[in-house]
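Worksheet: the structure to be examined is printed underneath.
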Amino acid sequence: MNKFLPLLFLAGLLSGCVYFNTVYNAKTAYDSGVESYHQEERQGRDISNQTKDQFRRAVEKGKKILTEYSDSKYVDDAYLLIGKSYFYLDQAGLARNYLSDLISNYPNSPYREEARLYLGKAYLPLEENPLARHEFEYLINNSKNHSLRAQAYMALADLEKSDGTSSAMLDNVQSAIEIADDNEVKADAAWRTGQWALEHKEFGEAEKFFQEAARFTRKPDYDRRIQVQLVRIWRLQERYELANDKIQAMLAEEEYSDQYAELEIQRGLVYEARDDTSKAADTYRYVVSEYPRTSAAAAGYYYLAELAYERMDFDEAKKNYDKVSVAFSKSEYTDDTSKKIGIIGNLQKYRNSKNSLRQALIDAYTTEHMPEPDSVETAANTDTADSTQELSAKEQMKQALLENDQAEEDTTSEQQYTFQEVYPWVLEQDSLDTRNEYAQAMYNLAELFILDIKRFERGLTLTDSVLTLATSDELKAQSRLLQAHTYEAFLDNPSKAAKIIEEVRGKYPESEALHLYDTRDQLTQKKEEPSTPSPEYIALAKKYSRADSLLADDQVTKAQDIFRQIYRDYTNSEFGPKSLYALGWMYENKLMQIDSAIAKYEEFQARYPDHKITSSASSRLQDLRSIKSALTAKPEDQDTAAQSMAPAEPDTSTQAFEQPVEDDPPETDFPTP
């Protein structure tokens, strides 16, 4: 018996264990990341660094399989794992590359259909909706896996939702519910549709879908979330007694402890609806104090900010809005929070402008009314014994008063005026530029209060002040038209609005503001049909998609011909820049022609300096120039250059698209792998 056989067997066994552990650890890290990701998503929080680390670990282990165990049966599994991990890391371009490689290079892999689902999802942030739709529809029409087909229907529903096609969205959701053989998939479809209906204030539909989700799910935590949504719907339907009774019952049950924070928020909103803002504020403060890292805390800060905003305590409002914006940037309140922070910023800017101009008017009045110089200076300059003694005595008296804290101001300082005292003089100064600037600042504030803060009485008062102060006919016309818009759009008084507009036509017939008002009015009445893409645009989009598909199938020469034609004939179209970038990308990654790739990226940089993917072209150009410099270095310099340019991992076809995990390059919207 060969004495080395046991050692060889042991080495093979250990190698197999290491290999198995790599696969196991990659999948474990990915599953852990997905679980954390969805939990943070439900809480309205950004993906945490810990969750990102799980996906990065899955990528690292997956790449180890590709490099060290490239002949194993788990290579296609590794491609899928890496692609999905990049998708959850919001690196859609890298996700697309790995998923496309799996689909193209492993035609018999059992993971191809799941790869197509995630490839479609990766196309969406790359703004390649037609390609995403193609993947989803392929699965719907060809897959025999009911769960994947249902997920494809839901992904297509999300696409329709983003396009604003609600009827098609609902049809796809219903198809997902009907076709899914997994009740949890059905529940998820019903839940998401209920959320959509709730966002669109279709409360009856929302209630129906949430109850359907409750019927399908067998997960207690999911059911509890559904019950909270039903409470929210009843509150929005003004069924306060029903909502409040349900809240009290759920708060009394320990099994709802993970929903307590959200239930408290709903209770606070019921208080608000009943005009008990003090109890509402106390409830929100309790939530942000006791549940600081939950989505309910985002709601608590938001509603505290709304209460302060409503009473025009803008400093307090901004403080709470900022907490939402910084700590809960993915919450449902983020968009409105950003808008309100912008309004408050403009308010402060306009107020500061008004105050500085007011002071400028006071200063102008002070300068004009400054008393003539008297003989004090002459007396002070008279070098006599008497004047010296007098000055010394005054200084001693002043020091004594200061020490005894009996004088709070210097009686010799200039007189200070209030704007109320200056106001009549300002009205007499028709030629004073600052007066019109002050009136403009008042108009800006009026517009802000009317259009953004929705305090119409305050805004109308400010416009009256503008009409009094302004010497510009154009500014007066703008103010009167703003008043007309307020009465027509917000105060339900169209007759008064019409009367004001007629007055503007009589007093300021040449006003540019009046001309713009009439133009907008004509456009509103015209009610043109929404524009649709031209046949030429559709044909060009199909041609571009065809080239992309050819490249995905590794038919580089045919794809290259089409991209060249698009760039030559439609240079300034939407697809011109993408086609030029595609040519550079192919020279770099498919044809390995560095000089040609550099030329194309340079051409892109010169022709499209402001395009959204110019930064990516510039980055690739810089890298390629560095590589070329290293390759053409003198022999004695090549070792140093090679060390500085050496990739973190072996240069295989699967790694040509990226840097190491810790330093991924900026992504582009170029859709091909």
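Numbering of residues begins at 1 and proceeds along the displayed sequence.
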For side-chain hydrogen bond (donor to acceptor under 3.5 Å, both in side chains), just list the numbers for Gln348 and Asn352, CA-CA rounded to whole Å, side-chain angles, deciding distance to a tenth of an Å, and then say yes or no. CA-CA 6 Å; Gln348 190 60 49; Asn352 289 341; 3.0 Å; yes

With side-chain hydrogen bond (donor to acceptor under 3.5 Å, both in side chains) as the criterion, how do Tyr537 and Glu574 come out once you've worked through the C-alpha distance, each side chain's angles and the decisive distance to 0.1 Å? CA-CA 9 Å; Tyr537 178 89; Glu574 172 188 333; 2.8 Å; yes

Could you go through Gln266 and Glu262, starting from their C-alpha distance and side-chain angles, then the distance that decides it, and tell me whether this counts as side-chain hydrogen bond (donor to acceptor under 3.5 Å, both in side chains)? CA-CA 6 Å; Gln266 294 304 316; Glu262 179 58 35; 2.9 Å; yes

Could you walk me through whether Ser495 and Asn493 pass side-chain hydrogen bond (donor to acceptor under 3.5 Å, both in side chains), step by step? CA-CA 6 Å; Ser495 60; Asn493 194 341; 3.1 Å; yes

The test is salt bridge (charged side-chain N to carboxylate O under 4.0 Å, His left out); show your working for Glu502 and Lys499 and say whether it passes. CA-CA 5 Å; Glu502 286 306 310; Lys499 186 177 179 181; over 6 Å; no

Run the side-chain contact (heavy atoms from CB on, under 4.5 Å) test on Leu230 and Lys246 for me, step by step, so that the C-alpha distance in whole Å, both residues' side-chain angles and the decisive distance to 0.1 Å come before the verdict. CA-CA 9 Å; Leu230 289 172; Lys246 184 70 171 178; over 6 Å; no

Stepwise salt bridge (charged side-chain N to carboxylate O under 4.0 Å, His left out) check, Lys318 with Asp322: CA-CA 6 Å; Lys318 186 176 185 303; Asp322 283 341; 2.8 Å; yes

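For Thr366 (side chain) and Ile362 (main-chain N/O), a donor-acceptor pair under 3.5 Å exists by modelled atom type. A donor-acceptor pair under 3.5 Å is formed between the side chain of Glu474 and the backbone N or O of Glu512.
Aromatic rings of Tyr321 and Phe314 (six-membered ring for Trp) have centroids beyond the 6.0 Å cut-off, not under it. When ring centroids are compared, Phe210 and Trp191 come within the 6.0 Å threshold.
Taking CD1 of Ile344 as the reference point, atom CD1 of Ile453 lies at 8.0 Å (rounded to 0.5 Å). Residue Leu460 holds its CG atom at 11.0 Å from OG of Ser465, rounded to the nearest 0.5 Å. The structure places CD of Gln478 at 5.0 Å from OH of Tyr443, a figure rounded to the nearest 0.5 Å. Atom OG of Ser325 and atom OH of Tyr333 lie 15.0 Å apart (nearest 0.5 Å). Atom CD of Glu264 and atom CG of Asp282 lie 11.5 Å apart (nearest 0.5 Å).
Residues meeting the salt bridge (charged side-chain N to carboxylate O under 4.0 Å, His left out) test with Lys319, sequence neighbours left out: Glu316. Applying the ring-ring contact (aromatic ring centres under 6.0 Å, His included) rule to Tyr438 yields the partners Phe419; only residues at least two apart in sequence or on another chain are considered.
Taking the six-membered ring for Trp and thresholds of 30 and 60 degrees, Tyr291 and Tyr286 have ring planes more than 60 degrees apart, a perpendicular arrangement. Ring planes of Tyr608 and His611: perpendicular class, angle over 60° (limits at 30 and 60°).
Lys476 has its side chain out of reach of Val466: every pair of non-hydrogen atoms, C-beta onward, lies at least 4.5 Å apart. Side-chain atoms of Met312 and Phe449, non-hydrogen and from C-beta on, do get closer than 4.5 Å to each other.
With respect to Arg274 and Glu241, a salt bridge is recorded, a charged nitrogen being found less than 4.0 Å from a carboxylate O. Taking 4.0 Å as the cut-off between side-chain N and carboxylate O, Lys340 and Glu306 count as a salt-bridged pair.
In Lys454, the NZ atom is crowded: over 12 heavy atoms of neighbouring residues, nucleotides or ligands sit closer than 6.0 Å.
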